[in-house]
Amino acid sequence: MVNSLEIAPSILGGDHTALADSVKQIESAGLKWVHVDVMDGHFVPNLSFGPGVVKSLKGKFPNLFLDTHLMLDNPHEYIEAFAKAGADLISIHVEPEYPISATLAEIHLLGKQNGIVINPKTPIGEVVEYLPQVDLVLVMSVQPGFGGQSFNPVALEKIEFLKKIRDEMKLNFRIEVDGGITAKNVGDVIMRGADTIVAGTEFFKNGEELLRCANGTF
Ligand code: DX5
Ligand code: ZN
């Protein structure tokens, strides 16, 4: 394995009136990553958190790694705001029309890690040109917008492809998977090559078993 295993619970699956409690739960489980889902009501049919939430979380939990997943039509217009708010990694989707490569470079210039995200219906070939410049590829295993959906196995082939091409290209980006992850399927995604696992619903419902299964497989 080129990377450590990181479980990144999504606070979308926690209690939104008590986000700090959800994050304390993540911290008490011994985890370092927190996944923050940012939605704009255009790229996805839902609204969630903005830079203000990221700023408050960073202020209260400076040692946690804020993995910020932007589901926006115009992510390039918000990079500076999320970087200044304290996001540690900012991932942007490959599907909308905007200057993707320049936006990935901007994230690095602001001193943050970057990631490229791909939806279940998008062919994996779409991300290949960006691989040399990313720290992480996020493979969506549900159509983004809502937590609590079922895992789409199309993600498994994409994870395997990424693992293979990462070796061939001698790169070391992380392979993250997001959507419908449970204690039952986490072993499979790790065996295919995922090293960074997002889990919302399952972490807050069945976190201990999820972590046991993940750590037992890696
Ligand atoms: C979907 C989000 C996911 C979601 C995962 O739009 O990107 O991070 O919160 O939730 P679960 O684990 O409940 O499928
Ligand atoms: Zn996400």
Side-chain angles (χ1 to χ4, degrees), residues 2-4 6-12 19-20 22-23 26-27 31-44 46-119 122 126-140 144-145 162 166 169-178 194-198 200:
V2 289
N3 296 308
S4 58
E6 301 295 343
I7 309 292
S10 167
I11 53 169
L12 192 69
L19 284 180
S22 299
V23 178
I26 296 169
E27 214 175 24
L31 301 175
K32 297 189 292 284
W33 282 49
V34 176
H35 187 79
V36 184
D37 283 306
V38 177
M39 305 182 183
D40 68 351
H42 291 275
F43 180 64
V44 291
N46 197 4
L47 296 158
S48 60
F49 314 116
V53 170
V54 170
K55 188 170 179 206
S56 298
L57 290 175
K58 198 63 186 177
K60 216 170 191 127
F61 302 97
N63 297 324
L64 291 180
F65 187 88
L66 299 182
D67 170 29
T68 311
H69 173 193
L70 301 187
M71 284 160 272
L72 311 179
D73 259 339
N74 53 347
H76 56 302
E77 291 173 20
Y78 290 92
I79 299 306
E80 200 175 335
F82 281 99
K84 282 194 174 144
D88 294 288
L89 184 148
I90 301 174
S91 57
I92 56 176
H93 273 260
V94 74
E95 292 84 8
E97 288 290 322
Y98 65 100
I100 295 177
S101 187
T103 306
L104 290 168
E106 187 193 353
I107 298 170
H108 275 169
L109 277 174
L110 289 162
K112 308 296 181 173
Q113 293 187 36
N114 68 20
I116 189 81
V117 194
I118 181 161
N119 277 342
T122 308
E126 301 284 313
V127 300
V128 170
E129 67 180 288
Y130 306 109
L131 296 181
Q133 69 174 127
V134 299
D135 298 299
L136 173 147
V137 180
L138 170 47
V139 176
M140 291 307 302
L162 288 168
R166 180 175 65 188
M169 294 174 82
K170 297 195 175 20
L171 297 170
N172 53 19
F173 55 81
R174 285 184 165 275
I175 303 174
E176 184 174 46
V177 60
D178 182 4
D195 48 47
T196 312
I197 314 292
V198 178

Kindly compute the distance separating CD1 (I79) from NE2 (H108), expressed to the nearest 0.5 Å. 11.5 Å
To the nearest 0.5 Å, atom OH of Y130 lies from atom CG of N114 at 12.0 Å
Pair D88, K32 - check salt bridge (Lys or Arg N to Asp or Glu O under 4.0 Å), show working. CA-CA 12 Å; D88 294 288; K32 297 189 292 284; over 6 Å; no
Closest non-hydrogen contact found for S10 with D37 is OG-OD2, 2.7 Å
Here the gap from L72 atom CG to F43 atom CZ, rounded to the nearest 0.5 Å, amounts to 9.0 Å
Quick check for you: to the nearest 0.5 Å, what is the distance between L12 atom CG and L19 atom CG? 10.0 Å
For residues Y78 and D40, determine if any side-chain heavy atom of one lies less than 4.5 Å from a side-chain heavy atom of the other. no
Euclidean distance, K112 NZ relative to I90 CD1, rounded to 0.5 Å: 7.0 Å
pair P75-H93: side-chain heavy atoms closer than 4.5 Å: no
Between D135 and G115 (side chain of the first, backbone of the second, donor and acceptor by atom type, cut-off under 3.5 Å), is there such a pair? no
Would I116 and F173 count as a side chain to side chain contact (heavy atoms under 4.5 Å, CB included) if you check the C-alpha gap in whole Å, the side-chain angles of each, and the deciding distance to 0.1 Å? CA-CA 10 Å; I116 189 81; F173 55 81; over 6 Å; no
Hey, are the side chains of E6 and F65 touching, using non-hydrogen atoms and a 4.5 Å cut-off? no
For I26 and I11: C-alpha separation, side-chain torsions, deciding distance, then whether side chain to side chain contact (heavy atoms under 4.5 Å, CB included) applies. CA-CA 9 Å; I26 296 169; I11 53 169; 4.2 Å; yes
Are N3 and T196 close enough that some pair of their side-chain heavy atoms sits under 4.5 Å apart? no
Do I100 and Y98 come close enough that some side-chain heavy atom pair is under 4.5 Å? yes
Taking all atoms of both residues into account, what is the closest heavy-atom pair of L31 and P9, and its distance? CD1-CG, 3.7 Å
Could you pull out the closest heavy-atom pair between E176 and A8, with the gap in Å? OE2-CB, 4.3 Å
Would the number of heavy atoms belonging to other residues, nucleotides or ligands and lying under 6.0 Å from CD of E27 be above 12? yes
What one should report as the nearest heavy-atom pair of H76 and P99 is CD2-CD, 4.1 Å
Does T68 reach the side chain of L70, with side-chain heavy atoms less than 4.5 Å apart? yes
If the test is side-chain contact (heavy atoms from CB on, under 4.5 Å), which one of V23, L89, V34, V53 qualifies with L66? V34
If you define the side chain from C-beta out and look only at heavy atoms, does anything of R166 sit under 4.5 Å from L131? no
Expected output: side-chain D195 to main-chain V2 donor-acceptor under 3.5 Å: no
Donor-acceptor check, side chain of Q113 to backbone of L136, threshold 3.5 angstrom: yes or no? no
Given side chain to side chain contact (heavy atoms under 4.5 Å, CB included), test F82 with V36 step by step and report yes or no. CA-CA 11 Å; F82 281 99; V36 184; over 6 Å; no
Under 4.5 Å between any side-chain heavy atoms of M169 and P132, yes or no? yes
Test L57 against L64 for side chain to side chain contact (heavy atoms under 4.5 Å, CB included), laying out the working first. CA-CA 9 Å; L57 290 175; L64 291 180; over 6 Å; no
Where is the tightest heavy-atom contact between A20 and F61, given as atom of each residue plus distance? O-CZ, 3.6 Å
If you take all heavy atoms of L138 and S91, which pair is closest and at what distance? CD2-OG, 4.1 Å
Quick test of your reading of the model: are R174 and D67 salt-bridged, counting only N-O distances below 4.0 Å? no
Under a 3.5 Å distance rule, please check whether D178 uses its side chain to pair with a backbone N or O of M140 as donor and acceptor. no
With a 3.5 Å distance limit and no angle check, can you tell me whether E95 reaches the backbone of N119 through a side-chain donor-acceptor pair? yes
